[in-house]
There are 2 protein chains.
Amino acid sequence: MPVEFENVVTTSAAKQIADTLRAAIMDGRLQEDERLPTEEELAQRFKVSRPTVREALKRLAAQHLIRSRRGPTGGNFVASPAPEDAALSLANATTLMVAAGAIQLDDMATARLELEGICCRLAATARTDAQLEAMRAELARQRDVSLTDEEFCASDVRFHRALVDAAGNSLLSFLMHAVVEALQPVSNMIIFRVRERQAIVAFHERILGALESRDAEAGVAALGDLVAYTRDRYRDALDRRAERAG
Amino acid sequence: MPVEFENVVTTSAAKQIADTLRAAIMDGRLQEDERLPTEEELAQRFKVSRPTVREALKRLAAQHLIRSRRGPTGGNFVASPAPEDAALSLANATTLMVAAGAIQLDDMATARLELEGICCRLAATARTDAQLEAMRAELARQRDVSLTDEEFCASDVRFHRALVDAAGNSLLSFLMHAVVEALQPVSNMIIFRVRERQAIVAFHERILGALESRDAEAGVAALGDLVAYTRDRYRDALDRRAERAG
DNA sequence: AACCGACATTTGTCAAACGAATAAAAAGAT
DNA sequence: ATCTTTTTATTCGTTTGACAAATGTCGGTT
């Protein structure tokens, strides 16, 4: 049975079609993995040309709402929502907002402390041995002084992702992955000396130790110190930059 | 001076172009409100046809990275990131993941309690009179029994948005707006009797009162009771649905 | 000086076609 | 008869060329 679309024309046709299809997906009229009509068919149904339909479809593809395949069994399919894709989009958007000043770095630091604090508390009881092992592995990597700054920061991101995953909450993992990711440019800016690395590794060790002994408050305290340290180093970096400029 | 784009062909041309332009925007080579080359020009530069360029541009438009205007002074412009748009996308993605079962409702309830708890604590000290007034206004609306269920749920969403805004943290507001929005379908499911409304209004009153007297823990406690109540009512709704089905 | 209309520019849309990928059907070889 | 290869049909991906619609600019008219 074909799905019916109501067609209201107020903005551009392509946008309208995208919105109509998106609404159909969002409220479940189009199920996951269901195949959409062919582009030709959609063009006829919406009374527009195929390129216009394609513009609409590409909008949806950009939001990971559909995926397409060529060939006889191909077509455009409703995509199963992939948390990684959504997290990436969220991280991108957050990065842009930080860059544009819509989100202040102080807010970011506060939010990170509070949010990761929650994860820490939950993780103190929910953490599994596998997750602890993942954090230990990253910590071991971070002690290697031959690591490049990029590699160190990447490992830092993985460590924090493991921490939030240890909370065992899918929504928190999703949100925090994006927050941690969006904060990486900031980390990249402050990690520029061995001493900073050692300090950060020490904070990580305290956090890990707290989780191992299921001591939530010790973990939160360590996290607080880490964020405070990061915030200070970031301010230093800003000052140095201002000096060089002035 | 024209911006240089490196062009690597591995996937489809349109996607590649979109990724190239997105990267240019993300790392600042294209500034906010800067005008992109005309579609014709981009087509020549990337050696593809204009419809292909347009598909790429529409992908970016779907992510609110560019906006377009017709006419002589028109063109495609780098869009300033609008938190509302990003929050809407995030809410959509979250809704879909909940619908697909990628996020369990228990996780959602837990996350909401913890996250909103943070906001409550922060709001206890940061809240302004204007924000309290906004919450009072929604509360007054919610006491009106002639409200439709949709209106009540919409007011519920606004109340919680005001609560998270009262925390005075832009990143938390951004994330929580999406979470609250994504939870609305759940609320829609359980709000079906006057008694439920009265109970929820009572919880809201407790939360508001706690903020007025800057009592963070009382607010968190009220919030915990609200979430527990909501969770139970949701389980009831699921049971009833299972009964009808079986 | 104020208003109005032609014009240029740019995005929005259309039409028809060819290219490319893919799986199923058909043909051929063992 | 079974397996392999070829063909073929279908669908998305892209091209070309054109016209429509919006919108600022400029010149002419009142």
Side-chain angles (χ1 to χ4, degrees), chain A residues 2-3 5 7-22 24-25 30 33-80, chain B residues 2-3 5 7-22 24-25 30 33-80:
Chain A
V3 180
F5 306 114
N7 194 4
V8 184
V9 175
T10 45
T11 64
S12 86
K15 191 160 163 50
Q16 275 296 327
I17 294 170
D19 291 343
T20 304
L21 291 175
R22 180 172 20 249
I25 294 173
L30 288 171
D33 287 338
E34 187 174 339
R35 180 180 159 172
L36 301 183
T38 69
E39 297 178 352
E40 196 68 53
E41 210 170 328
L42 284 173
Q44 289 173 13
R45 204 181 295 190
F46 286 109
K47 302 196 200 309
V48 298
S49 67
R50 197 159 82 92
T52 302
V53 164
R54 280 181 61 78
E55 283 188 14
L57 292 175
K58 291 312 148 195
R59 292 178 111 104
L60 300 180
Q63 299 174 328
H64 305 111
L65 285 167
I66 62 169
R67 63 192 146 68
S68 57
R69 229 185 27 237
R70 286 196 271 209
T73 62
N76 292 286
F77 299 84
V78 178
S80 30
Chain B
V3 179
F5 306 113
N7 194 1
V8 184
V9 175
T10 46
T11 64
S12 86
K15 191 162 164 50
Q16 276 294 327
I17 294 169
D19 290 344
T20 303
L21 292 174
R22 177 170 25 246
I25 294 172
L30 288 172
D33 286 338
E34 186 175 339
R35 180 182 156 168
L36 301 183
T38 68
E39 298 177 351
E40 197 71 54
E41 210 170 326
L42 284 173
Q44 288 172 14
R45 202 179 298 190
F46 286 109
K47 302 195 201 307
V48 296
S49 66
R50 195 160 82 91
T52 301
V53 164
R54 280 181 62 77
E55 283 188 13
L57 292 174
K58 290 313 148 194
R59 292 179 110 104
L60 300 180
Q63 298 175 327
H64 304 112
L65 286 167
I66 63 170
R67 63 192 146 67
S68 56
R69 226 180 33 233
R70 286 197 271 207
T73 63
N76 292 287
F77 300 84
V78 179
S80 32

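All chains are named by letter (A, B, ...) in the order of the sequence lines, taking the proteins before the strands, and each is independently numbered beginning at 1.
- If you take NZ of A:K15 and P of C:dG12, they are 11 Å apart, rounded to a whole angstrom.
- If you measure from atom CD1 of A:I17 to atom C1' of C:dT13, you get 11 Å, rounded to the nearest angstrom.
- At the phosphate of C:dT10, neither OP1 nor OP2 sits under 4.0 Å from any side-chain N or O atom of B:N76.
- Heavy atoms of B:R67 sit nowhere under 4.0 angstrom from any nucleic acid atom.
- Atom CD of A:E41 is separated from atom C1' of D:dC12 by 14 Å (rounded to the nearest Å).
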Between N or O atoms, less than 3.5 Å apart, protein on one side and nucleotides 3-6 of chain C on the other: list the pairs.
none

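- Rounding to the nearest 0.5 angstrom, the gap separating the CD atom in B:E55 from the OG atom in B:S49 is 8.5 Å.
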Might you list the N or O atoms of the protein lying below 3.5 Å from N or O atoms in nucleotides 16-26 of chain D, with each pair's distance?
from	atom 1	to	atom 2	distance (Å)
D:dA22	O4'	B:R70	NE	3.4

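- The list of side-chain hydrogen bond (donor to acceptor under 3.5 Å, both in side chains) pairs with a residue in residues 64-73 of chain B, not counting sequence neighbours, reads B:D33-B:R67.
- Here the side chain of B:Q63 pairs no donor or acceptor atom with the backbone of A:Q63 at under 3.5 angstrom.
- Taking only side-chain nitrogens and oxygens, B:T52 comes nearer than 4.0 Å to OP1 or OP2 of D:dT15.
- Between B:E39 and B:L36 there is no side-chain heavy-atom pair separated by less than 4.5 Å.
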